[in-house]
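No experiment lies behind these values; they were computed from the predicted model shown. Hydrogens, waters and symmetry mates are skipped; everything else that's a heavy atom, side chains included, is used.
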Amino acid sequence: MAIGRRSSGGHGGGGGEGDNVFWTTMSDLMLGLAIIFMTLFTLAMTGFSQSSVQQKQEQIKAAEELIEKLDKENIEAQVDKMTGEIKISDLELFELNSWNLSPKGKQYLDKLIPIYVNTIFTKQELIDGIENIVIQGHTDSQSYIGLSSIDDQYTKNMELSLKRANSVAEYMFKTNYDKAHSEKLRKMLVVEGKSFSDPILVNGVEDYAKSRRVELKVKVKRWDIASAFGF
């Protein structure tokens with residue numbers, strides 16, 4: 001369907017006011033769109049960044065508190081000071097070449113999990129910004145190396161890493177954290193198996209012992225334009 005232009009000047013196309021109705025409407029539309037764009041840009045540069053900064057500050061505070069409490073209880077764990085992400089060696093948790101928690105592993109989680117869960121869930125500003133609490137299992141590239149193909153090796157390691165992460169998740173609920181947090185924990189908890197896809201490298205070479213690990217980490221929510229407008 002073509003858009004016509006109505007003329008008030010009769011035949012000959014004189015320049016009456018009716019000639020400019022379409023273009024005046026388009027100018028108003030473009031002005032309105034420009035105002036909306038500037039509003040969203042301002043939100044992106046102020047509200048979004050402020051929210052991200054505040055979110056990161058809360059993560060750092062939680063990480064510092066985790067490190068302090070774990071040190072106080074003499075619990076060995078590698079904690080990222082910026083995110084609170086914890087890396088736990090498989091030697092601390094599992095029987096050799098197994099996904100079953102060892103007695104030592106259960107004792108370790110009995111001490112670590114209550115500190116981890118209670119620290120995170122007592123910080124409301126932090127928990128409001130968390131989408132998931134992720135337990136990730138990782139293996140090294142040497143596990144099951146005798147299989148017929150690299151793909152078979154990868155999938156076998158995927159199974160092992162996922163089962164190890166799930167073993168930690170199952171035992172997590174048996175530890176003595178504040179059970180008032182259980183409902184939120186159930187909603188947020190995610191288990192992942194990463195196989196040997198994310199090795200730990202030292203001087204460019206895989207450190208097999210460090211690669212075999214379980215990680216506890218938080219996945220923060222994305223604060224986007226849609227959420228800002230309540231969509």
Chemist: Determine, for Asp207 against Arg213, whether the closest basic-nitrogen to carboxylate-oxygen distance falls under 4.0 angstrom.
Modeler: no
Chemist: Do Glu73 and Ile115 have side chains that approach each other closer than 4.5 Å (heavy atoms only, starting at C-beta)?
Modeler: yes
Chemist: Quick one: does Asn132's side chain get under 4.5 Å of Leu189's, heavy atoms only?
Modeler: no
Chemist: Could you tell me whether the side chain of Leu185 reaches within less than 4.5 Å of the side chain of Ile133, counting heavy atoms only?
Modeler: yes
Chemist: Show me the donor-acceptor pairs within less than 3.5 Å that the side chains of residues 154-163 make with the rest of the protein, sequence neighbours left out.
Modeler:
{"residue": "Thr155", "atom": "OG1", "partner": "Asp151", "partner atom": "O", "Å": "3.1"}
{"residue": "Thr155", "atom": "OG1", "partner": "Asp152", "partner atom": "O", "Å": "3.1"}
{"residue": "Asn157", "atom": "OD1", "partner": "Thr139", "partner atom": "OG1", "Å": "2.9"}
{"residue": "Asn157", "atom": "ND2", "partner": "Ser143", "partner atom": "O", "Å": "2.9"}
{"residue": "Asn157", "atom": "ND2", "partner": "Gln153", "partner atom": "O", "Å": "2.8"}
{"residue": "Glu159", "atom": "OE2", "partner": "Lys163", "partner atom": "NZ", "Å": "3.0"}
{"residue": "Ser161", "atom": "OG", "partner": "Asn157", "partner atom": "O", "Å": "3.1"}
{"residue": "Ser161", "atom": "OG", "partner": "Met158", "partner atom": "O", "Å": "3.0"}
{"residue": "Ser161", "atom": "OG", "partner": "Lys194", "partner atom": "N", "Å": "3.3"}
{"residue": "Ser161", "atom": "OG", "partner": "Ser195", "partner atom": "N", "Å": "3.0"}

Chemist: Taking 4.0 angstrom as the limit, do Glu65 and Lys123 come out as a salt bridge?
Modeler: yes
Chemist: Cut-off 3.5 Å, no hydrogens considered: what does the side-chain donor-acceptor table look like for residues 82-90, sequence neighbours left out?
Modeler:
{"residue": "Thr83", "atom": "OG1", "partner": "Glu85", "partner atom": "N", "Å": "3.1"}
{"residue": "Glu85", "atom": "OE2", "partner": "Lys87", "partner atom": "NZ", "Å": "2.9"}
{"residue": "Ser89", "atom": "OG", "partner": "Leu91", "partner atom": "N", "Å": "3.1"}
{"residue": "Asp90", "atom": "OD2", "partner": "Arg212", "partner atom": "NE", "Å": "3.3"}

Chemist: With a 4.5 Å cut-off on side-chain heavy atoms, are Tyr108 and Ile75 touching?
Modeler: yes
Chemist: Taking atom CD as the centre, does Glu76 end up with more than 12 heavy-atom neighbours from other residues, nucleotides or ligands that are less than 6.0 angstrom away?
Modeler: no
Chemist: Run the side-chain contact (heavy atoms from CB on, under 4.5 Å) test on His138 and Asp198 for me, step by step, so that the C-alpha distance in whole Å, both residues' side-chain angles and the decisive distance to 0.1 Å come before the verdict.
Modeler: CA-CA 7 Å; His138 298 258; Asp198 188 16; 3.9 Å; yes
Chemist: Does a sphere of radius 6.0 Å around NZ in Lys179 hold more than 12 heavy atoms from other residues, nucleotides or ligands, not counting ones at 6.0 Å or beyond?
Modeler: yes
Chemist: When you measure from the side chain of Arg186 to the backbone of His181, do you find a donor-acceptor pair of N or O atoms at a distance under 3.5 Å?
Modeler: no
Chemist: Between Ile60 and Glu64, is the side-chain contact (heavy atoms from CB on, under 4.5 Å) condition met? List the steps.
Modeler: CA-CA 6 Å; Ile60 293 173; Glu64 291 173 345; 3.7 Å; yes
Chemist: Is any side-chain heavy atom of Gln124 closer than 4.5 Å to a side-chain heavy atom of Ile127?
Modeler: yes
Chemist: State, with a plain yes or no, whether a side-chain heavy atom of Ile200 is found less than 4.5 Å away from one of Tyr208.
Modeler: no
Chemist: With a 6.0 Å cut-off (strictly less than), is the heavy-atom count around CG of Asp128, excluding the residue itself, greater than 12?
Modeler: yes
Chemist: Check whether more than 12 heavy atoms from other residues, nucleotides or ligands sit under 6.0 Å from atom CD of Gln142, and answer yes or no.
Modeler: yes
Chemist: Answer yes or no: is there a side-chain heavy-atom contact under 4.5 Å between Ile135 and Glu215?
Modeler: no
Chemist: How about NZ on Lys69, more than 12 heavy atoms from neighbouring residues, nucleotides or ligands closer than 6.0 Å, or not?
Modeler: yes
Chemist: Could you state the interatomic distance from CD (Gln136) to OG (Ser197), rounded to the nearest 0.5 Å?
Modeler: 8.5 Å
